[in-house]
Amino acid sequence: MDSGTTTQIRKKIDRYEFKKVLTQHQTFLLHLFNDDFHEFSLADSLVSLDLLEKRKKEWDIDIDPMETFLSSIEAPYFEIPMSSAVELMLEFGYSNNRIFKFENGKVTFLRALFVFHEGKLFSSTQDNCYCYDSIVENLLKINPDLVKVPD
């Protein structure tokens, strides 16, 4: 891979670090997660790095599906709580209804995982499925080397 960066970066950043990430990495994932999320269902494949150990304990598993997914991706992964990324989302032209919803007097921030390539938003899970498959498909479109194929 010739991105010129370490591909196994997996870390939380704040919105101020984002511009640095945008210029330092040719291709990367940015996960904006709902920081009020505390219960898991089998449909919740994507979670924050902070919740992996909790989910492994609740599901009584040794390896979380998110860990498996991240180990198969040859691209840096960063995450920011969605509530901290509202200005960032607005800068990328997202409307409020794609950032949060307001129901019954409560604000719920919507989650998303983005694939950035060459300084631009390449794809978003908000445009298709909030799942591993949509991310992998878009990484394969950019460069098949961004996804490890199991032996």
Side-chain angles (χ1 to χ4, degrees), residues 1 3-89 91-92 94 98-101 103 106-117 120-151:
M1 214 173 91
S3 68
T5 63
T6 302
T7 60
Q8 290 298 311
I9 297 171
R10 309 290 185 244
K11 73 181 240 182
K12 202 175 239 187
I13 61 172
D14 62 35
R15 64 186 174 96
Y16 303 107
E17 293 173 276
F18 175 74
K19 291 188 186 201
K20 183 177 177 184
V21 167
L22 192 62
T23 60
Q24 289 183 339
H25 302 282
Q26 181 180 10
T27 304
F28 66 93
L29 304 178
L30 179 66
H31 187 191
L32 304 181
F33 61 93
N34 187 338
D35 43 348
D36 291 336
F37 184 73
H38 299 289
E39 295 180 18
F40 309 109
S41 75
L42 291 176
D44 297 315
S45 54
L46 298 165
V47 296
S48 167
L49 295 171
D50 290 344
L51 294 177
L52 292 178
E53 291 304 316
K54 179 181 179 193
R55 186 161 74 173
K56 286 181 355 185
K57 186 175 180 180
E58 284 186 21
W59 287 3
D60 192 27
I61 56 176
D62 294 328
I63 299 172
D64 188 271
M66 181 79 173
E67 292 173 313
T68 303
F69 165 71
L70 289 174
S71 70
S72 71
I73 300 300
E74 289 290 335
Y77 166 92
F78 300 95
E79 62 183 27
I80 301 173
M82 183 60 117
S83 61
S84 299
V86 171
E87 289 177 31
L88 180 65
M89 295 286 290
E91 285 179 30
F92 277 95
Y94 275 72
R98 294 187 78 189
I99 299 170
F100 59 84
K101 65 181 178 179
E103 292 179 333
K106 182 180 176 194
V107 172
T108 302
F109 290 95
L110 305 175
R111 52 199 179 171
L113 199 144
F114 303 109
V115 176
F116 281 87
H117 182 65
K120 296 179 182 153
L121 180 60
F122 184 82
S123 69
S124 167
T125 58
Q126 287 186 330
D127 297 327
N128 40 48
C129 165
Y130 184 70
C131 60
Y132 304 128
D133 291 346
S134 67
I135 300 156
V136 169
E137 286 173 17
N138 283 294
L139 288 173
L140 288 170
K141 287 177 189 175
I142 294 169
N143 180 347
D145 291 339
L146 293 171
V147 179
K148 290 183 201 174
V149 178
D151 296 330

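Nothing here was measured: the structure is a model prediction, and the numbers come from that model.
Around the NZ atom of Lys12, the shell of radius 6.0 Å holds more than 12 heavy atoms that belong to other residues, nucleotides or ligands.
Leu29 places a side-chain heavy atom less than 4.5 Å from the side chain of Leu139. Residues Phe78 and Glu17 are not in side-chain contact: their nearest non-hydrogen atoms beyond the backbone lie 4.5 Å or more apart. Considering only heavy atoms from C-beta on, Ser123 stays 4.5 Å or farther from Phe114 through its side chain.
Minimum heavy-atom separation, Tyr77 to Val47: OH-O, 4.0 Å. Heavy atoms only, all atoms of each residue included: Gln8 and Ile73 are closest at NE2-O, 3.1 Å. Across all their heavy atoms, Tyr130 and Leu113 have their closest contact at CE1-N, 4.1 Å. Of all heavy-atom pairs between Leu46 and Cys131, the closest is CD1-N, 4.0 Å. Across Leu52 and Asp64, no two heavy atoms sit closer than the pair CD2-OD1, 3.4 Å. The two residues Ala112 and His31 have their closest heavy-atom pair at O-CD2, 3.4 Å.
Annotation: ring pair (Phe, Tyr, Trp, His ring centres under 6.0 Å) contacts of Phe122 (sequence neighbours excluded): none. In this structure Arg10 satisfies the salt bridge (charged side-chain N to carboxylate O under 4.0 Å, His left out) test with no other residue, sequence neighbours excluded. Applying the ring pair (Phe, Tyr, Trp, His ring centres under 6.0 Å) test to Phe18 and every residue at least two apart in sequence or in another chain returns Phe92, Phe116.
One finds the CG atom of Asp14 at 10.5 Å from the CG atom of Leu88 (value rounded to the nearest 0.5 Å). Here the NE2 atom belonging to His25 is positioned 4.0 Å from the CD1 atom belonging to Ile9, to the nearest 0.5 angstrom. The CD1 atom of Ile80 lies 5.0 Å from the CG atom of Leu30; values are rounded to the nearest 0.5 Å. Rounded to the nearest 0.5 angstrom, Ile61 CD1 and Thr68 OG1 are separated by 8.0 Å. In this structure, Leu51 CG and Lys56 NZ are separated by 12.5 Å, a value rounded to the nearest 0.5 Å. The CG atom of Asn138 lies 11.0 Å from the CG atom of Leu146; values are rounded to the nearest 0.5 Å.
A side-chain donor-acceptor contact under 3.5 Å links Tyr132 to the backbone of Met66. In terms of modelled atom types and a separation under 3.5 Å, the side chain of Lys148 and the main chain of Glu74 share no donor-acceptor contact.
Salt-bridge check for Glu91 with Arg15: failed, with every basic side-chain N at 4.0 Å or more from each acidic carboxylate O.
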Apply the test salt bridge (Lys or Arg N to Asp or Glu O under 4.0 Å) to residues Arg55 and Glu58: give CA-CA distance (whole Å), side-chain angles for both, the deciding distance (0.1 Å), then the verdict.
CA-CA 5 Å; Arg55 186 161 74 173; Glu58 284 186 21; over 6 Å; no
